[in-house]
Amino acid sequence: MAEGERKQAAPLPAAEAPFDAIGLAKSLLRTVRSGALATLEREGGAPFASLVTVATDSDGTPLLLLSRLSAHTLNLEADPRCSLLLSPGGKGDPLAHPRLTVTGVAERTTEARVRTRFLARHPKAALYADFPDFAFFRLAVRAGHLNGGFARAATLTAGELLTDLSGLDGLAESEPGAIAHMNEDHADAVALYATRLAGEEPGPWRLTGFDPEGLDLMAGDRTARVVFPERLASPAALRPTLVAMAAQARAVPGS
């Protein structure tokens with residue numbers, strides 16, 4: 001390389017990154033409750049960014065509740081291609097904090113599970129979710145781009161970003177009952193998952209969802225993600241896993 005020339009830096013594929021790019025990306029995907037949705041304007045095709053609230057489906061697919069009165073919804077009806085930027089923010093330099101961009105295609109959905117999971121993450125949205133101009137959308141993921149902070153960038157395929165649900169079809173069906181049971185009868189265990197396993201501050205923690213890889217928790221506007229010790233092999237593995245995690249949490253010093 002000639003003097004003065006510098007090789008242009010480029011994000012590495014997630015599997016080659018010198019940090020847990022997949023784990024960090026999935027954590028952002030599951031914990032950030034709002035993001036910047038970029039669509040293409042109907043006239044001229046210029047990028048148009050707007051703020052939206054976000055939840056995830058069982059496999060991690062981003063879920064949106066959008067009004068047809070909004071420009072971004074009209075844009076998606078004309079061209080469903082879009083991207084979603086998720087950033088938790090924090091103190092200090094905004095660029096020092098991790099963020100994830102997900103690209104894909106927005107698809108309208110009427111699946112009851114989508115409504116349930118979105119409202120579990122955004123309870124106040126129940127006030128307007130059934131208005132005639134509102135509809136739920138899934139962002140069918142094409143790829144992801146992670147910036148984990150300075151000099152920590154990686155690209156992800158849809159398969160790396162999403163959670164494989166193979167062999168666990170019954171898990172989603174059992175989710176509402178299991179969530180209600182844990183929140184109503186085992187609130188102490190849920191609080192321990194958040195404070196002792198996720199390292200969060202105490203609060204009115206509630207379970208909002210689970211999938212083969214972990215639990216999603218929320219206390220007010222705060223969220224937490226607790227990853228299972230190992231991926232669930234079957235829906236029947238959920239209960240013993242939760243029991244073992246509660247025992248682990250109680251054994252943490254100070255609990």
Side-chain angles (χ1 to χ4, degrees), residues 26-37 50-70 72-73 76-77 80 82 84-88 100 102 104 106-141 162-163 165 168-187 189-191 193-194 198 200 203-226 235 238 242:
K26 286 189 172 186
S27 176
L28 293 170
L29 187 64
R30 296 285 190 176
T31 58
V32 180
R33 298 174 64 238
S34 64
L37 176 67
S50 53
L51 182 66
V52 295
T53 49
V54 184
T56 56
D57 206 345
S58 301
D59 66 350
T61 296
L63 305 177
L64 310 173
L65 176 60
L66 306 178
S67 169
R68 199 172 187 279
L69 301 178
S70 299
H72 51 231
T73 308
L76 291 173
E77 289 179 349
C82 59
L84 181 66
L85 171 63
L86 302 172
S87 176
L100 172 70
V102 181
E107 304 170 340
R108 190 185 297 263
T109 176
T110 58
E111 292 185 67
R113 182 190 69 257
V114 169
R115 183 182 192 279
T116 298
R117 286 187 65 93
F118 188 92
L119 294 183
R121 210 59 163 167
H122 300 280
K124 293 181 180 179
L127 296 173
Y128 52 83
D130 295 321
F131 287 3
D133 60 295
F134 276 86
F136 290 98
F137 287 77
R138 302 174 76 255
L139 199 168
V141 176
L162 300 179
T163 300
L165 301 180
L168 290 161
D169 297 335
L171 194 63
E173 297 176 7
S174 65
E175 183 181 46
I179 289 175
H181 173 65
M182 291 299 297
N183 287 334
E184 294 169 9
D185 300 331
H186 300 286
V190 173
Y193 297 152
E200 298 291 336
W205 289 100
R206 293 179 59 81
L207 178 63
T208 63
F210 60 80
D211 56 80
E213 296 179 341
L215 302 174
D216 295 320
L217 306 170
M218 189 168 73
D221 293 332
R222 292 183 290 158
T223 63
R225 174 74 173 172
V226 180
L238 177 63
L242 293 176

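Values below: all heavy atoms of this structure, side chains included; hydrogens, waters and symmetry mates excluded. Note that the structure is a prediction, hence the values are computed from the model and not measured. FYI, the numbering just counts along the sequence from 1.
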Are [X] and [Y] packed together at the side-chain level, in the sense that at least one heavy-atom pair is separated by less than 4.5 angstrom?
| X | Y | value |
| --- | --- | --- |
| L28 | P88 | yes |
| L100 | V32 | no |
| L215 | V190 | no |
| L165 | L171 | no |
| C82 | L37 | yes |

- Message: Looking at R30 and E213, is there a salt bridge between them, counting it only when a charged N and a carboxylate O are closer than 4.0 Å?
- Response: no
- Item | Salt bridge R225-D211, side-chain N to carboxylate O under 4.0 Å | yes
Can you measure from [atom1] ([X]) to [atom2] ([Y]) and round to the nearest 0.5 angstrom?
| X | Y | atom1 | atom2 | answer |
| --- | --- | --- | --- | --- |
| E111 | T116 | CD | OG1 | 11.0 Å |
| I179 | S174 | CD1 | OG | 9.0 Å |
| D57 | R117 | CG | CZ | 6.0 Å |
| L162 | S58 | CG | OG | 11.5 Å |
| T223 | L217 | OG1 | CG | 9.0 Å |
| E107 | F137 | CD | CZ | 10.5 Å |

Please report the shortest heavy-atom distance between [X] and [Y], naming the atom on each side.
| X | Y | answer |
| --- | --- | --- |
| V226 | A198 | CG2-CB, 3.9 Å |
| L29 | G60 | CD2-O, 3.2 Å |
| L119 | A126 | CD2-N, 3.6 Å |
| P123 | M218 | CD-CE, 3.9 Å |
| P176 | E173 | CD-O, 3.6 Å |
| V54 | G35 | CG2-N, 4.0 Å |

With a 3.5 Å distance limit and no angle check, can you tell me whether [X] reaches the backbone of [Y] through a side-chain donor-acceptor pair?
| X | Y | answer |
| --- | --- | --- |
| Y193 | L242 | yes |
| N183 | L207 | yes |
| E175 | G209 | no |
| T109 | F136 | no |

- Query: Which is it for R115 and D130 under the salt bridge (Lys or Arg N to Asp or Glu O under 4.0 Å) test, yes or no, and what are the steps along the way?
  - Reply: CA-CA 10 Å; R115 183 182 192 279; D130 295 321; 2.7 Å; yes
- Contacts of D221 that satisfy side-chain hydrogen bond (donor to acceptor under 3.5 Å, both in side chains) - sequence neighbours left out: none
How about [X] and [Y]: does a side-chain donor come under 3.5 Å of a side-chain acceptor?
| X | Y | answer |
| --- | --- | --- |
| D133 | S67 | yes |
| T73 | R68 | no |
| S50 | H72 | yes |

- Message: Under the criterion side chain to side chain contact (heavy atoms under 4.5 Å, CB included), I'd like the reasoning laid out for L63 against R121: C-alpha separation, chi angles, the key distance, then a yes or no.
- Response: CA-CA 10 Å; L63 305 177; R121 210 59 163 167; over 6 Å; no
- Task: Check the angle between the aromatic planes of H186 and H181 and answer parallel, tilted or perpendicular using the 30° and 60° thresholds.
- Result: perpendicular
